[in-house]
Every structure is written in structure tokens, then in C-alpha cells.
Amino acid sequence: MKAVFPYILMLCLSLLGMTKAMAAQPDKMRDVYMFGFATDLNDSTVFMTSVVKINGAAVNKKTGFLEQRSHYSAQLKQFLEHSTKTSYTCTVVYANSRKEAERQYIAMRKHWNKQSGYVVRELAESDFTFVNPE
């Protein structure tokens with residue numbers, strides 16, 4: 001009996017590890033449209049990227065959340081830190097269709113243009129574009 005217990009324990013742990021690995025995989029790869037937004041509380045300039053299409057992005061089937069969102073926002077943060085020498089707080093906004101992403105972009109741009117004292121600067125696609133993390 002004592003000799004069987006380690007094998008059963010090892011089998012259970014390996015099955016648990018396999019289910020964890022399967023759950024960690026992204027559920028669905030599809031195209032999404034996104035734009036980035038960056039702000040610094042000590043600066044009156046906010047940055048917005050243009051709406052771009054990301055091919056083969058990993059989207060969680062259950063929640064609809066874009067996997068690796070932090071990688072996309074980190075790309076924008078690193079670009080701005082390198083070009084402006086200022087640390088910005090960055091985020092990405094994404095949608096399944098270009099129309100929805102552009103609607104969100106226009107609403108956000110309108111909101112920040114109305115805020116007194118803020119200057120909205122758009123980063124052209126030729127200056128910055130998101131890269132799909134591998």
C-alpha cells in the first residue's frame with residue numbers, strides 16, 4: 001500500500017498540472033481593433049494612438065478580455081518614455097470591429113478635448129504601432 005501512494009500522488013499532481021496548463025492557453029485567436037491612451041498626472045499632454053488592426057490576438061472566450069493587454073500598454077509606455085523622457089500611465093482600448101473601436105476613440109478624444117488645460121496629441125501610425133507579442 002505504501003508503494004502505491006507515491007504513484008497515485010504523482011498521477012494526481014500531473015493531472016492537476018495538465019488542467020492548469022490547458023486553462024492558461026488562450027481560448028480564441030482573432031483580429032481586434034485597438035488604440036492606446038497615455039497620460040501623466042504631472043503633465044497636461046495626453047497621447048492617443050490611431051486605431052489599428054491587430055491580427056491573431058488572443059481573446060479569452062469566457063470573459064472576452066484581450067490576453068496580454070499589459071504587453072500592449074507596456075509597448076506604448078516604453079515608446080513614450082524613450083521619446084519624451086517622461087513616465088506615462090498607458091492603457092489600450094480594444095473592440096471586435098473597427099466601427100466600435102473608432103466610436104470609443106472619438107468619445108475618448110472628445111472627452112479629453114473638453115477638459116480644460118489638456119492637450120491631446122495623436123501618435124501617427126508611422127510613429128508608433130503595436131506589435132503582437134509572441
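Only a predicted model underlies this, so the values are computations on that prediction, with no experimental measurement involved.
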[X] side, atom [atom1]; [Y] side, atom [atom2] - distance, nearest 0.5 Å:
{"X": "Arg121", "Y": "Asp127", "atom1": "CZ", "atom2": "CG", "result": "9.0 Å"}
{"X": "Ser87", "Y": "Gln78", "atom1": "OG", "atom2": "CD", "result": "11.0 Å"}
{"X": "Arg30", "Y": "Asn55", "atom1": "CZ", "atom2": "CG", "result": "13.5 Å"}
{"X": "Ser97", "Y": "Tyr33", "atom1": "OG", "atom2": "OH", "result": "8.0 Å"}
{"X": "Phe79", "Y": "Gln75", "atom1": "CZ", "atom2": "CD", "result": "11.5 Å"}
{"X": "Gln104", "Y": "Lys99", "atom1": "CD", "atom2": "NZ", "result": "13.0 Å"}

Can a salt bridge be assigned to the pair Arg103 and Glu100 using a cut-off of 4.0 Å between side-chain N and carboxylate O?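 Looking at Arg103 and Glu100, the cut-off is met.
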Is a salt bridge present between Glu81 and Lys77, judged by a nitrogen-to-oxygen distance below 4.0 Å?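 Yes, Glu81 and Lys77 are salt-bridged.
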Quick one: are [X] and [Y] in side-chain contact, heavy atoms under 4.5 Å?
{"X": "Phe65", "Y": "Tyr94", "answer": "yes"}
{"X": "Ile54", "Y": "Asp31", "answer": "no"}
{"X": "Leu41", "Y": "Thr89", "answer": "no"}

Would you say Tyr72 and Asn132 are linked by a side-chain donor-acceptor pair, where the criterion is simply a distance under 3.5 Å?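 Side-chain D/A pair, Asn132 to Tyr72: present.
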Any chance you could lay out the side chain to side chain contact (heavy atoms under 4.5 Å, CB included) test for Phe128 and Leu80, step after step, and finish with the verdict? CA-CA 10 Å; Phe128 173 80; Leu80 290 173; over 6 Å; no
So with a 6.0 Å cut-off around NZ of Lys114, is the heavy-atom count from everything else above 12?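 No, NZ of Lys114 has 12 or fewer neighbouring heavy atoms, counting only those of other groups under 6.0 Å.
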With clusters defined by side-chain heavy atoms of hydrophobic residues (ILVMFWY) lying less than 4.5 Å apart, directly or transitively, does Val119 cluster with Met108?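 No.
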Same apolar cluster: Val93 and Phe37, side chain cutoff 4.5 Å: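 Yes, Val93 and Phe37 fall within the same hydrophobic cluster.
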Apply side chain to side chain contact (heavy atoms under 4.5 Å, CB included) to Arg109 and Val120, showing your working. CA-CA 7 Å; Arg109 186 171 178 89; Val120 179; 3.3 Å; yes
Over all heavy atoms of both residues, which pair between Ala101 and Ala95 is shortest? Give the atoms and the distance, please.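 Smallest heavy-atom distance, with atoms named: N-CB, 3.7 Å.
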Considering all heavy atoms of both residues, which atom of Leu66 and which atom of Ala57 are nearest to each other, and what is their separation?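 Between these two residues, the closest heavy atoms are CD1-CB, 3.6 Å.
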Going by atom type alone, with no hydrogens or angles, which donor-acceptor pairs under 3.5 Å involve a side-chain atom of residues 42-52 and a protein atom two or more places apart or on another chain?
from: Asp43; atom 1: OD1; to: Thr45; atom 2: N; distance (Å): 3.4
from: Asp43; atom 1: OD2; to: Tyr88; atom 2: OH; distance (Å): 2.8
from: Thr49; atom 1: OG1; to: Gly36; atom 2: N; distance (Å): 2.6

Geometric class of the Tyr105/Phe35 ring pair [parallel <30°, tilted 30-60°, perpendicular >60°]: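 Rings of Phe35 and Tyr105: perpendicular, as their planes differ by over 60°.
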